[in-house]
Amino acid sequence: MGKQYFRPGNMLYPLPAVMVSCQRPGEKPNIITVAWAGTVCSSPAMVSISVRRERYSYGIIKETGEFVINLATKELVRALDYCGVRSGREVDKFQKMHLTELPSKIVKAPGIQESPVNIECQVTEVKPLGSHDLFLAEVKSVTVDDQYMKKNGKFELNQAGLVTYSHGEYFELGKKAGSFGYSVQKPAKKDRYQKAQKKKR
């Protein structure tokens with residue numbers, strides 16, 4: 001099997017495709033689609049998003065110092081795409097995509113009711129990088145959809161039909177390939193895991 005060199009570029013795929021909501025006081029809220037988002041720290045819980053300076057949402061986030069990350073599902077793919085190719089300067093994306101504003105607990109910007117997870121964030125640092133600026137932010141509150149919360153308190157997020165972005169296309173998460181730590185489990189526990197997976201097929 002051969003390999004060949006490719007031009008330098010952002011080839012770290014797949015990525016979480018999320019809708020980031022933001023709002024200036026007294027103005028309508030806006031949504032920007034972001035694929036360059038990630039977890040950067042667990043204690044305190046922190047995330048990052050990268051946004052081009054010319055984007056309408058850039059100024060809103062920089063001025064207010066806050067935003068909400070809303071995870072996307074297969075039912076939200078059209079809205080996810082639309083919010084990435086239309087500007088909030090010209091259209092009310094909540095209204096156009098029939099999305100519902102969800103009041104946040106800590107930040108002033110609303111989340112998206114139709115999203116299974118809403119992550120309220122406060123910006124701690126803005127790092128100019130080149131084409132994009134990196135917003136580092138601390139997670140201040142998280143809202144989750146009741147329908148994925150089990151009686152035992154476990155949140156079944158992977159049942160929500162989450163969407164990823166890879167090389168210009170959106171994909172729904174597919175088959176489970178393993179779980180954290182399964183490669184070092186004791187044989188008996190690993191056998192039970194493999195049998196459980198066969199039953200699901």
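FYI, side chains are in, hydrogens and waters are out, and symmetry mates aren't considered; it's all heavy atoms of this structure. Position 1 is the first residue of the sequence, and the numbers go up from there. This one's a predicted model, so the numbers in the text were calculated from it and none came from an experiment.
- Rounding to the nearest 0.5 angstrom, the gap separating the OH atom in Y13 from the CZ atom in F171 is 11.5 Å.
- For the 3.5 Å distance criterion, the side chains of Y170 and D81 qualify, holding a donor opposite an acceptor.
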Go through the steps for F67 and V123 under the test side-chain contact (heavy atoms from CB on, under 4.5 Å), then give the verdict.
CA-CA 8 Å; F67 57 88; V123 177; 3.8 Å; yes

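- Heavy-atom contacts from other residues, nucleotides or ligands closer than 6.0 Å to CZ of R78 number 12 or fewer.
- Around the CD atom of Q95, the shell of radius 6.0 Å holds no more than 12 heavy atoms that belong to other residues, nucleotides or ligands.
- Put simply, the side chain of S115 gets close to the backbone of L71: a donor and an acceptor are under 3.5 Å apart.
- Side-chain atoms of N30 and S21 include no donor-acceptor pair closer than 3.5 Å.
- The cluster map of Ile, Leu, Val, Met, Phe, Trp and Tyr, joined by side-chain heavy atoms under 4.5 Å apart, puts L99 and V117 in different clusters.
- Taking a 6.0 Å sphere around CZ of R86, one finds it holds 12 or fewer heavy atoms contributed by other residues, nucleotides or ligands.
- Between the OH atom in Y58 and the SG atom in C22 there is a gap of 13.0 Å [rounded to 0.5 Å].
- Between the side chain of N70 and the backbone N or O of V68 there is at least one donor-acceptor pair closer than 3.5 Å.
- Annotation: the span from C83 atom SG to M97 atom CE amounts to 7.0 Å, rounded to 0.5 Å.
- A salt bridge between K74 and E172 is present, with a side-chain N of the basic residue lying under 4.0 Å from a carboxylate O of the acidic one.
- Partner of I112 under the side chain to side chain contact (heavy atoms under 4.5 Å, CB included) criterion, chosen from I31, T100, L102: I31.
- In this structure, Y182 OH and K176 NZ are separated by 10.5 Å, a value rounded to the nearest 0.5 Å.
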Do V142 and E120 pass the side-chain contact (heavy atoms from CB on, under 4.5 Å) test, and can you show the C-alpha distance, the side-chain angles, and the key distance before you say yes or no?
CA-CA 6 Å; V142 176; E120 299 178 35; over 6 Å; no

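- With hydrogens and angles disregarded, a donor-acceptor distance shorter than 3.5 Å links the side chain of T33 to the backbone of L80.
- With rounding to the nearest 0.5 angstrom, the NZ atom of K105 is 11.5 Å from the NZ atom of K140.
- Annotation: the span from R89 atom CZ to S57 atom OG amounts to 9.0 Å, rounded to 0.5 Å.
- Between the side chain of T124 and the main chain of L136, a donor-acceptor pair closer than 3.5 Å is present.
- Defined by atom type and a distance below 3.5 Å, a donor-acceptor pair is missing between the side-chain atoms of E66 and T64.
- The environment of NZ in K127 is sparse: at most 12 heavy-atom neighbours from other residues, nucleotides or ligands sit within 6.0 Å.
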